[in-house]
Amino acid sequence: MRMVDLIEKKREGQALTKEEIGFIIREYTADKIPDYQMSALLMTIFYEDMTDEEIAALTLAMANSGEKIDLSSINGIKVDKHSTGGVGDTTTLVLAPLVASVGVPVAKMSGRGLGYTGGTLDKLESIPGFKIELSDRAFIAEVNTNKVAVIGQSGDLAPADKKLYALRDVTATVDSIPLIASSIMSKKIAAGADAIVLDVTTGEGAFMKNLEDARRLSHTMVRIGELAERKTMAVISDMSQPLGEAIGNSLEVIEAIETLQGQGPDDLLEMCYVLGSQMVVLGKKAETLEEARALLEEAIASGAAFETFKKMVKNQGGDETICTHPGRLLTAQFELELPAQTSGVVAKLVANEIGIAAMMLGAGRQTKEDTIDHGVGLKLHKKVGDQVEKGESLATIYSNTEQIAEVKKLLYQNIIIEESADEPTLVHEIIT
Ligand code: URA
Ligand code: CA
């Protein structure tokens, strides 16, 4: 087989076979196909699209390109969750213990954030002592006893995806639905998931800027999940404004604790119920989404979900006193208010720009080498649709410097107050 022939075949609109895709991924991972040929193929895929069979073959080839995590010694159906990305997305911190508390095992491998704000690992590391590295044995034992553990993603998971993603990033081929779908699903499959719940975000703060693209991506991933024998469901959720009120690592841990105690922001809690219900159904702890939701509501009301979180923190070496005294995580030197300049209704909170403001404070990384300041970030006091009076605080800025003129300017430009506003939609579609 020659790569040039395969590029030509794809360019002529023909589908590649499973063997051909397997060849390409194997040889590319082994550095035997050069980046220039792979770039040409990626651009061809961008324009020619792929069939479901091609995407499924690509997904499995990438999943098999490196280490595969074997979770078979964990009892029960292992359901993983993945979000295509958002700002202030605190769901994993809430969902992992919540779903575990009703009996679905959560063996979660998470990544760090690169971009606006920290990833789940960065958030967990704002808890003093919390260990995100466990041996395979300790990880599995923890999930078998407490039903939940959240650790860092192994370095050798789907190396083909790592290499391809870096190439896509510099060849304008990131926003291709078959390539995004296979990239995400390959990592979930390599991480050992039996079933997968996808949170496909749409809006300014997301990869998919409109509903139509989000719908295509969701249906594609659900179909290739089925072809790969991983039962998959998806939720299309809104990411035009940040989720919840907190954006920043320790601030989001506090928000997760409040949510697990039933006192978090309504939108975050609702997202956790919607995604959690799918996880519970896929984990076969309930027959229907309604039944699953009732179980989750009960786990919040009874305190079972919060207890599971506390145990997870303790068992992974973290300081569990922060669970009952979350104020200890507020370590930023300054807490500065952002007074509204006019009265009206919040019409827009442009998610990606607000994410950048949090990053400028130090809550996210601009390059892989940057370090994160866990204590800084934003707490929004107003969300889209809320009334606001001139002078009222729109947000508290947690900062380790008083020089925040640029941050304030960016926030004022992206918190838009008008006479009226459309009610925001949190969940656009549920795909089962
Ligand atoms: N997230 C991924 O993991 N891969 C993509 O291609 C896009 C988003
Ligand atoms: Ca949040």
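Numbering of ligands and ligand atoms starts at 1, following listing order. This one's a predicted model, so the numbers in the text were calculated from it and none came from an experiment.
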- line: The side-chain hydrogen bond (donor to acceptor under 3.5 Å, both in side chains) partner of Ser83 among Thr91, Asp89, Thr92, Thr120 is Asp89

- prompt: Is the distance from the Ca ion (ligand 2) to the nearest N/O/S atom of Gly88 under 3.0 Å?
  reply: yes

task: Run the numbers for me: atoms of ligand 1, each under 4.0 Å from some heavy atom of Ser183, listed by number.
output: 2 (C), 3 (O), 4 (N), 5 (C), 6 (O)

query: Measuring to the Ca ion (ligand 2), does Ile247 have an N/O/S atom at a distance below 3.0 Å?
result: no

task: Search all heavy atoms of Pro178 against all heavy atoms of Ile45 and return the closest pair with its distance.
output: CG-CG2, 4.0 Å

- prompt: Does the side chain of Met109 reach to within under 4.5 Å of the side chain of Lys187, using non-hydrogen atoms?
  reply: no

- prompt: Is there a heavy atom of Thr84 sitting under 4.0 angstrom from any atom of ligand 1?
  reply: no

message: Tell me the angle that O of Leu243 and O of Ala246 form around the Ca ion (ligand 2), rounded to 10°.
response: 110°

message: Under 3.0 Å from the Ca ion (ligand 2) - does any N, O or S atom of Glu255 fall there?
response: yes

query: Between Arg168, Lys162, Lys187, which one has a non-hydrogen atom sitting closest to atom 3 (O) of ligand 1?
result: Lys187

query: Can you tell me which residue and heavy atom of the protein come closest to atom 1 (N) of ligand 1, and the distance to 0.1 Å?
result: Ile184 CG1, 3.8 Å

task: Would you indicate whether the side-chain heavy atoms of Glu270 and Val274 approach each other to under 4.5 Å?
output: yes

- prompt: Among protein heavy atoms, which lies nearest atom 8 (C) of ligand 1, and at what distance?
  reply: Phe207 CE1, 3.4 Å

message: Pairs of nitrogen or oxygen atoms closer than 3.5 Å, one from Tyr165 and one from ligand 1: do any exist?
response: no

- prompt: Would you call Lys310 and Glu307 a salt bridge, using N to O less than 4.0 angstrom?
  reply: yes

- prompt: Hey, is CD on Glu133 packed in by over 12 heavy atoms from elsewhere, all under 6.0 Å?
  reply: no

- prompt: Should Arg293 and Glu297 be marked as a salt bridge (Lys or Arg N to Asp or Glu O under 4.0 Å) after you check the CA-CA gap, both sets of side-chain angles, and the distance that decides it?
  reply: CA-CA 6 Å; Arg293 186 179 175 119; Glu297 287 177 353; 2.9 Å; yes

